[in-house]
Amino acid sequence: MVGENIQNLKDKKAQQKPSSVKLNDEIVAQYLIDNPDFFIRNARHVECMRVPHPVRGIISLPEWNMARQRNKINQLECEISLLMEHASANELLFNQLMDLQIELIKAQDLNQLIALLNTWAKSLGLSGAYLYLFDDKWLLSAPSNYHHLALNPSQFDFIRVRHLQYNQQYLGPLNSTELDFLLPKHGYVGSVALSLLGQFGDLGLLMFTSANLQHYQAGQGTLLLEKMSEILPILISKWIMRKK
């Protein structure tokens, strides 16, 4: 009996002895996860808890949680607005592409097709549109009426390596040497959009120019250019044969 009482006293002392486990963020967090009713059982203490705040100094835990929820709601609203803007922009691009495609299909020859591209470009505030065909892929020599569109791919390589080595589209400025090569009689050109034609970018080049230096910039979307560069070789094949 005496031994049992002594053991009970030891057990009580062991229970009263502070734990040697050092608390850290991970242990506290795991405890709260394992005990979801903690805040219900300790509601009175929760209201007394204080959290540092960068503007207000110290706020209560409920206030801090509400502020977090408001921030999440604001972030979600911004994301929804951004998605709406992207949807509107994609719809506009789709409509522009469809309208242009309908006009291009009506073209009676390649010169008219280029004229339609020019008209469309200028309706968007651009300076013009230009089409070049790599002469190793198309039959452009006499008696073809389109030899003026021929572009030697080897001579074009210095532009391809600098701007189109990893992508089939380039948006931004060209230096004077590059502009002189592509547009020997060019006026002032601020920025350009270049897009290689065909699945492998080996059929030619479509170019749009703008007097605005900021109009075409890296990082802008190229979906419209990509689709046009897929469509054009199909239409061009109506008037020019491909080399085998």
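In this text the structure is predicted, and so the values were computed from the model without any measurement.
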For the atom pair [atom1] ([X]) and [atom2] ([Y]), what is the distance rounded to the nearest 0.5 Å?
X      : Y      : atom1 : atom2 : answer
Leu206 : Ile114 : CG    : CD1   : 10.0 Å
Asn145 : Asp109 : CG    : CG    : 8.5 Å
Trp138 : Ser237 : CH2   : OG    : 4.0 Å
Leu225 : Met207 : CG    : CE    : 12.5 Å
Leu194 : Ile159 : CG    : CD1   : 7.5 Å
Glu103 : Lys106 : CD    : NZ    : 4.5 Å

Which residue, Thr209, Leu174, Asp180, forms the side chain to side chain contact (heavy atoms under 4.5 Å, CB included) with His186?
-> Asp180

With Met228, which of Leu223, Leu197, Leu104, Leu100 fulfils side chain to side chain contact (heavy atoms under 4.5 Å, CB included)?
-> Leu100

Taking the side chain as every heavy atom from C-beta outward, state whether Ile236 and Leu131 have any pair of such atoms under 4.5 Å apart.
-> yes

Evaluate the ring planes of Tyr130 and Tyr132, with Trp represented by its six-membered ring, and classify them as parallel (under 30°), tilted (30 to 60°) or perpendicular (over 60°).
-> parallel

Going by the angle between their ring planes, with limits at 30° and 60°, are Phe181 and Phe158 parallel, tilted or perpendicular?
-> perpendicular

To check you understand the geometry: which heavy-atom pair defines the closest contact between [X] and [Y], and what is its length?
X      : Y      : value
Ser127 : Ala211 : OG-N, 3.4 Å
Gly190 : Leu213 : O-CD1, 3.1 Å
Asn111 : His148 : OD1-NE2, 3.7 Å
Gly198 : Pro233 : N-CG, 3.9 Å

Any link between [X] and [Y] through a network of hydrophobic side chains (Ile, Leu, Val, Met, Phe, Trp, Tyr) touching at under 4.5 Å?
X      : Y      : result
Ile240 : Leu196 : no
Leu124 : Leu113 : yes
Leu205 : Leu110 : no
Leu171 : Leu126 : yes

Inspect the contact between Asp202 and Lys137 and indicate whether a charged nitrogen and a carboxylate oxygen are less than 4.0 angstrom apart.
-> yes

Mind running side chain to side chain contact (heavy atoms under 4.5 Å, CB included) on Tyr170 and Val192 for me, showing each step along the way?
-> CA-CA 8 Å; Tyr170 167 73; Val192 304; 4.3 Å; yes

Where do Gln168 and Thr222 land on the side chain to side chain contact (heavy atoms under 4.5 Å, CB included) test, with the steps shown first?
-> CA-CA 10 Å; Gln168 290 194 198; Thr222 59; over 6 Å; no

Among Glu230, Lys227, Gln169, find the one that has a side chain to side chain donor-acceptor pair (under 3.5 Å) with Ser195.
-> Gln169

After noting the C-alpha distance and the side-chain angles of Leu149 and Phe134, does the key distance pass the side chain to side chain contact (heavy atoms under 4.5 Å, CB included) rule?
-> CA-CA 8 Å; Leu149 301 176; Phe134 293 140; over 6 Å; no

Does Glu178 reach the main-chain N or O of Asn175 with its side chain, forming a donor-acceptor pair under 3.5 Å?
-> yes

Any donor-acceptor N/O pair, Gln165 side chain to His163 backbone, under 3.5 Å = no

Do His147 and Asp135 get their side chains close enough for a donor-acceptor pair, meaning under 3.5 Å?
-> no

Do other residues, nucleotides or ligands put more than 12 heavy atoms under 6.0 Å from the CZ atom of Phe200?
-> no

Whether over 12 other heavy atoms sit under 6.0 Å from Gln112 CD = yes

Ring pair (Phe, Tyr, Trp, His ring centres under 6.0 Å) between Tyr216 and Phe208, intermediate numbers included | CA-CA 9 Å; Tyr216 289 117; Phe208 293 100; 7.4 Å; no

Worked verdict on Leu151 versus Leu133 for side chain to side chain contact (heavy atoms under 4.5 Å, CB included) | CA-CA 6 Å; Leu151 185 64; Leu133 302 177; over 6 Å; no

